[in-house]
Asks: 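A single structure is presented below for examination.
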Amino acid sequence: MQRLPSRLRRALAFLCFATAATSCAANGALPIVKLFTTGGTIQSKGAHRGKLSEYNEGRVTPQELIDDLPELKTVAQLEVVEIANIGSGGMNADLLLKLAKGLNAELAKPGVAGAIVTHGTGTLEETAYFLNLTVKSAKPVVVVGAMRPFTAISRDGPFNLYNAVRVAATPEAAGKGVMVLLNDTIHAARFVTKNSTYRIETFVARELGPLGFADSDRIAFYRTPLGRHTAASEFDVSKLEMLPAVDVVYGYQEASAAPIEALVAAGAKGIVLVDSSPSFAKAIALAQSKGVVVVQSDRKGSGRVLLSERSAGRGIISADNLNGQKARILLRLALTKTTEAKELQRIFNEY
Ligand code: ASP
């Protein structure tokens with residue numbers, strides 16, 4: 001008596017995974033996955049199928065992306081929300097807020113299983129981390145891009161998109177925060193970074209590795225990220241119309257302090273230092289005296305920033321192991337809540 005039902009249950013579970021359906025709903029309908037599109041190489045067209053970095057011939061529409069991939073019809077019911085159709089260098093606070101608010105509205109609907117976001121790879125990690133901090137849902141959100149344009153020989157976009165939809169439709173993907181998928185590899189938005197200008201295996205989480213893989217038999221997860229994100233995040237964008245100005249300054253031998261002085265004069269509310277320089281000391285003190293928050297990141301690309309007692313005592317905030325561009329995202333959101341150093345450091349420790 002016991003054996004048959006459990007076998008049946010296993011068979012049913014396998015069927016759910018194989019079809020990537022959210023649940024074996026009584027009506028057998030495929031899960032609804034929202035496709036938010038912003039543009040990027042995944043939507044870009046080039047004149048020459050072999051020139052992978054030449055893609056200035058416009059972009060395909062979201063519908064063309066879907067029509068190109070009939071296999072999606074067996075995975076999920078896709079519903080499009082077009083946010084933009086731009087290169088990711090053009091992403092800004094307006095679009096980030098529009099995207100986060102749109103995702104929150106759609107994911108709150110009981111019938112929606114998850115969402116994916118198409119994005120240029122250049123600043124993809126920034127948007128993914130922003131969403132990790134502002135999406136108020138445990139449902140899966142997967143940010144996807146491509147290293148090769150829509151028109152290239154052996155393009156990577158269609159498989160990335162197909163796999164992203166499979167992950168977004170997978171119940172096991174819930175609660176893992178916003179994820180990034182390219183090259184069959186699932187990364188946590190908090191830890192992922194673009195590591196190569198050109199290679200399809202560009203996205204890595206340097207110290208901590210991927211969460212799992214989108215393989216053809218199943219979505220194989222091995223880990224889940226710790227730290228606060230999505231449904232457990234304290235950041236609420238619902239009433240925000242803008243984000244505070246935060247900029248990034250690079251440290252190197254004989255670095256000029258002029259960028260710091262110029263940013264303070266231009267009204268920056270926060271500055272993230274990617275490494276530092278003794279020549280910054282006076283400009284940093286002046287910036288802080290004007291209420292500008294200074295966060296210390298590092299240019300090595302991995303490892304935590306351990307501040308000296310002197311720096312911490314002066315109110316500098318450690319970015320933990322966030323790179324400069326991600327520390328900027330967190331500081332923008334943190335400054336919507338506080339400018340107090342101890343509280344800001346708590347936020348950087350928790351997210
Ligand atoms: N120029 C592109 C962008 O970031 C690069 C890419 O998508 O890979 O939008």
Side-chain angles (χ1 to χ4, degrees), residues 35-66 68-69 80-100 102-103 115-132 141-165 167-168 178-187 189 191-206 210 214 247-248 301 323-326 328-329:
L35 170 62
F36 284 75
T37 62
T38 73
T41 302
I42 193 168
Q43 291 183 241
S44 296
K45 297 195 276 191
H48 192 298
R49 284 171 22 99
K51 290 191 179 165
L52 299 179
S53 54
E54 302 283 335
Y55 45 84
N56 292 319
E57 305 297 316
R59 290 191 180 82
V60 297
T61 63
Q63 196 53 48
E64 285 175 277
L65 269 188
I66 295 173
D68 176 58
L69 210 49
V80 174
V81 182
E82 186 169 24
I83 298 290
N85 204 343
I86 57 170
S88 71
M91 283 302 281
N92 56 31
D94 279 348
L95 290 171
L96 288 174
L97 291 169
K98 189 174 167 194
L99 184 56
L103 281 161
I116 64 175
V117 179
T118 65
H119 203 287
T121 57
T123 69
L124 185 150
E125 66 196 80
E126 294 166 59
T127 296
Y129 185 45
F130 181 80
L131 298 177
N132 198 49
V141 176
V142 186
V143 187
V144 63
M147 290 302 285
R148 295 176 175 176
F150 188 81
T151 42
I153 302 169
S154 194
R155 61 208 164 110
D156 55 333
F159 223 120
N160 291 344
L161 186 60
Y162 175 67
N163 279 334
V165 177
V167 173
V178 172
M179 291 161 282
V180 170
L181 189 145
L182 278 89
N183 202 36
D184 310 341
T185 309
I186 307 162
H187 284 287
F191 302 105
V192 75
T193 192
K194 187 175 177 182
N195 193 49
S196 162
T197 53
Y198 198 58
R199 306 289 157 217
I200 56 172
E201 67 275 25
T202 184
F203 280 96
V204 297
R206 290 193 184 117
D247 289 282
V248 179
N323 63 25
Q325 59 272 30
K326 280 181 162 167
R328 172 178 175 271
I329 295 289

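These figures come from a predicted structure and were not determined experimentally. Order of appearance sets the numbers: ligands from 1, and atoms from 1 within every ligand.
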Asks: For atom 5 (C) of ligand 1, what is the nearest protein heavy atom, given as residue, atom name and distance?
Replies: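 For atom 5 (C) of ligand 1, the nearest protein heavy atom is T41 OG1, 3.2 Å.
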Asks: If you have a sec, work out which protein heavy atom is nearest atom 4 (O) of ligand 1 and how many Å separate them, to one decimal?
Replies: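 Here the closest protein heavy atom is S88 OG, 2.5 Å.
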Asks: Under 4.0 Å from a heavy atom of Y55: give me the atoms of ligand 1 that qualify, with their elements.
Replies: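 What qualifies from ligand 1 is 1 (N), 2 (C), 5 (C).
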Asks: Say whether Q43 and T118, considering side chains only, have a donor N or O and an acceptor N or O under 3.5 Å apart.
Replies: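 Yes, because at least one side-chain N or O of Q43 sits under 3.5 Å from a partner of the opposite role on T118.
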Asks: Can you pull out the closest protein heavy atom to atom 8 (O) of ligand 1? Residue, atom name and distance to 0.1 Å, please.
Replies: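 The answer is T121 OG1, 2.3 Å.
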Asks: Have a look at V178 and tell me which of V192, V141, V142 forms a side chain to side chain contact (heavy atoms under 4.5 Å, CB included) with it.
Replies: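 Running side chain to side chain contact (heavy atoms under 4.5 Å, CB included) over V192, V141, V142 with V178 returns exactly one hit, V141.
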Asks: Any atoms of ligand 1 less than 4.0 Å from a non-hydrogen atom of G87? List them with their elements.
Replies: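 In order of number, 9 (O).
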Asks: In terms of atom number and element, which parts of ligand 1 are under 4.0 angstrom from non-hydrogen atoms of G40?
Replies: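 Numbered from 1, ligand 1 contributes 7 (O), 9 (O).
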Asks: In terms of atom number and element, which parts of ligand 1 are under 4.0 angstrom from non-hydrogen atoms of A146?
Replies: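 Those atoms are 8 (O).
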Asks: Could you list the atoms of ligand 1 found under 4.0 angstrom from a heavy atom of G122?
Replies: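 Listed by number with element, the hits are 4 (O).
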Asks: Going by atom types only, do T41 and Y55 share a side-chain donor-acceptor pair under 3.5 Å?
Replies: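 Side chains of T41 and Y55: pair found under 3.5 Å.
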Asks: CD1/I200 to CG/L52 distance, rounded to the nearest 0.5 angstrom?
Replies: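 One finds 10.0 Å between CD1 of I200 and CG of L52.
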Asks: Do T121 and M147 touch side chain to side chain, with heavy atoms closer than 4.5 Å?
Replies: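 Yes, at least one pair of side-chain atoms sits under 4.5 Å.
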Asks: Between Q325 and T193, does a side-chain contact (heavy atoms from CB on, under 4.5 Å) hold up when you go through it step by step?
Replies: CA-CA 10 Å; Q325 59 272 30; T193 192; 4.3 Å; yes
